[in-house]
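Numbers restart at 1 for each chain; the letters A, B, ... are given by sequence-line order, proteins then strands.
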2 protein chains.
Amino acid sequence: MKVNDHRIHFLYEAWRSGSMRAAADFLEIAPSSVSRQIAQLETEIGTALIEHGRREISLTDAGHAVIDYYRARQTGLELLEGQLLEISTARTGHVEIAIGEGFLGPALYDTLDHFMDDYSGINLTVSVTDTTSMMRLLLEDEVHFGVGFHPVSHPQIVSRYRATVPLMAIMNTENSLAQRRSMTMQELCAEPLALMGSNFRIRQMIDEAAINNGLLISPVVTSNSIALLARMALADRAITVLPAFSVSAELACGQLSAVSIQAPQLQSVYVHLLARRNRRFPAHLSELADQIRKRLLPSALSSSNE
Amino acid sequence: MKVNDHRIHFLYEAWRSGSMRAAADFLEIAPSSVSRQIAQLETEIGTALIEHGRREISLTDAGHAVIDYYRARQTGLELLEGQLLEISTARTGHVEIAIGEGFLGPALYDTLDHFMDDYSGINLTVSVTDTTSMMRLLLEDEVHFGVGFHPVSHPQIVSRYRATVPLMAIMNTENSLAQRRSMTMQELCAEPLALMGSNFRIRQMIDEAAINNGLLISPVVTSNSIALLARMALADRAITVLPAFSVSAELACGQLSAVSIQAPQLQSVYVHLLARRNRRFPAHLSELADQIRKRLLPSALSSSNE
DNA sequence: AAAATGTGTTGCAAAAAGCGCAACTACTAT
DNA sequence: ATAGTAGTTGCGCTTTTTGCAACACATTTT
């Protein structure tokens, strides 16, 4: 059954005003239009909606049912308008981002806190993932952007910002190497190591640096949890390799120390804000991306591609 | 804010089908139309509804809100269709009638019972009124029709059917006059009378008949309740004047007797099914009117006017 | 009872909205 | 890179809607 909303609107106004002419006046339209639209609606529905052959409008039972529907629809519409207003002022919406686990920490928490305060009502989803999962999430449009170490290049994924984040050897302050300003890959490999699994880009880069020096990495502990790796370093059972900010809290209070590693691959590690190609961010999204850039990637550069 | 339903429909189908072309195919329409309608909707609303610049359709938050609205509207529409179907098959609706009190009785009850069985779901309102109230109800379209003794003529009220219903002197079977075949107005006026109030047409006709005979009516009991009048007759405290069917039950079981009155005005009393001029009854209404005609007005004639 | 007033309705031409076709740009995949 | 398929846009055509005016009718007033 075809029910044209436009026609129901005329019927409603005619009923509300009491006569077609009054409705026509109110709608700034010719009375004939009102009459015809109502008549048309009646033939489409197949039932009389108003009591014809009278001076003024009075509805049949079917007519009452129709305007009841119309009024329900109207309230639904007002609801929609409210939602659209909220969305347009960015007071609601979805933001879904993926973050490499190395970025969990006070800086991220602060950033998210500020964002959620500014855009209360925004539904925020943060997936903490490894590199391969982030690729999948980005490619399948399940997240708006991701923050991670640059993965293998893919034509559909581009970097919006990047920042140098050297990987450091993280160890207990009591460790014999803790006071050194830097150390070599050989020295590193001689120590017991706690590293991430091979599907993390951090680990892949460490492996690469080791191979370039003809060395072999054989960590005593492998984990996908930064917290666990830090715990190993804290207990001085192993040295781990991470960006400094991943353990900034422990570094600040002097429990852990970070020592630079003499390997070009580990010095020129970039962190990227990654997104799918040709995606344009709505206002609140670019706002969040910007805040993340400022607080998590303080040395960030705009990188238009790759 | 203007939200054209037609456009939302296209948006919905595009979303459901996954692409505009698929939607266009489904709707048997050109893809360009879909694109344009969605674009138009976006400019009217003032927000992007789909993520443009992609191969396939994916909705923005605003788009999701819109199709949520559309789906709610759709269920409302299905509800409406159900209601209209019920109404068209006359399984629901309103019937409002006015009835002179003289008609309350088994015949009316039976008629209404049958009608309500045949049209279960119909909302039936029966107003029991005096003549002047019935006039008002009819004139203000508050009832569909009325059954009563013909009131003072009014240009806006016409009679659909009429039937002769002579007014009889109703008295206890034990009354000395009860075995008479008829009686005169003089004899009637000599008895203690229990009659309706002056705003009932029955009473007006009795008064008229008395005046024509140079008599004066002074009832010992006046009431607007037929039941009370019958009670007076039953107790043999008075004689009352009513149509026979008003007390058919008591007549049938021999408690009361009805005696004809020799007065032309009271012999040619008509009962009418009254309605406002130029009102056409829907199916269930004329059905009820017809049933009332057959059962309450067995000697009915079609009376096209007045 | 008849005229007057305001109602809904209908015919026809003008205006507006929607549509299809075809060419175009752009995203995605091989 | 290249082909294929998606959305978009310009233009002419069709369908729908509108306005004006005249009409038919209900209701009120005289």
Engineer: Determine whether Phe115(B) and Val95(B) make a side-chain contact, defined as any pair of heavy atoms from C-beta on separated by less than 4.5 Å.
Structural biologist: yes

Engineer: For dT15(D), take OP1 and OP2 only and decide whether either is under 4.0 Å from a side-chain N or O of His6(B).
Structural biologist: no

Engineer: Is Arg73(B) salt-bridged to Asp5(B), cutoff N-O under 4.0 Å?
Structural biologist: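 The answer is yes: the pair qualifies as a salt bridge.
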
Engineer: Output a table of nitrogen or oxygen pairs between the protein and nucleotides 26-30 of chain C separated by less than 3.5 Å.
Structural biologist:
unit_1	atom_1	unit_2	atom_2	d
dC27(C)	O2	Arg55(B)	NH1	3.3
dT28(C)	OP1	Arg279(A)	NH2	3.4

Engineer: Respond yes when some side-chain nitrogen or oxygen of His52(B) is under 4.0 Å from OP1 or OP2 of dG7(D), and no when none is.
Structural biologist: no

Engineer: May I have the step-by-step check of side chain to side chain contact (heavy atoms under 4.5 Å, CB included) for Tyr69(A) and Ile8(A), ending in yes or no?
Structural biologist: CA-CA 9 Å; Tyr69(A) 155 78; Ile8(A) 298 186; 3.8 Å; yes

Engineer: Check whether the side chain of Arg21(A) and the base of dG8(C) form a donor-acceptor pair under 3.5 Å.
Structural biologist: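 By the distance-only test, yes, there is a pair.
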
Engineer: Mind running a 4.0 Å heavy-atom check of residues 29-50 of chain A against DNA chain C and sending the residues that fall below it, in number order?
Structural biologist: Ser32(A), Ser35(A), Arg36(A)

Engineer: Run the salt-bridge test on Asp207(A) and Arg203(A) with the 4.0 Å N-O cut-off and return the result as yes or no.
Structural biologist: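 Between Arg203(A) and Asp207(A) there is a salt bridge, with a charged N closer than 4.0 Å to a carboxylate O.
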
Engineer: When the ring planes of Tyr70(A) and His9(A) are compared, do they come out parallel, tilted or perpendicular, using 30° and 60° as the limits?
Structural biologist: parallel

Engineer: Is the distance from OP1 or OP2 of dG18(C) to the nearest side-chain N or O of Asn4(B) less than 4.0 Å?
Structural biologist: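 Answer yes for this pair, as a side-chain N or O of Asn4(B) is under 4.0 Å from OP1 or OP2.
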
Engineer: Checking all strands, does Glu28(A) fall into the base, sugar-phosphate, or nothing category for heavy-atom contacts under 4.0 angstrom?
Structural biologist: sugar-phosphate

Engineer: Mind checking which stems touch DNA chain D? I mean at least 3 consecutive Watson-Crick or G-U pairs, both distances under 3.5 Å.
Structural biologist: C:1-30 with D:1-30

Engineer: Any side-chain heavy atom of Val147(B) within less than 4.5 Å of one from His272(B)?
Structural biologist: no

Engineer: Check this for me: does any side-chain nitrogen of one of Asp130(B) and Arg201(B) sit under 4.0 Å from a carboxylate oxygen of the other?
Structural biologist: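 So Asp130(B) does not pair with Arg201(B) through a salt bridge.
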
Engineer: What I want to find out is whether Lys294(A) reaches Asp290(A) closely enough, with some N-O distance under 4.0 Å, to be called a salt bridge.
Structural biologist: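 Salt bridge between Lys294(A) and Asp290(A), a charged N being under 4.0 Å from a carboxylate O: yes.
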
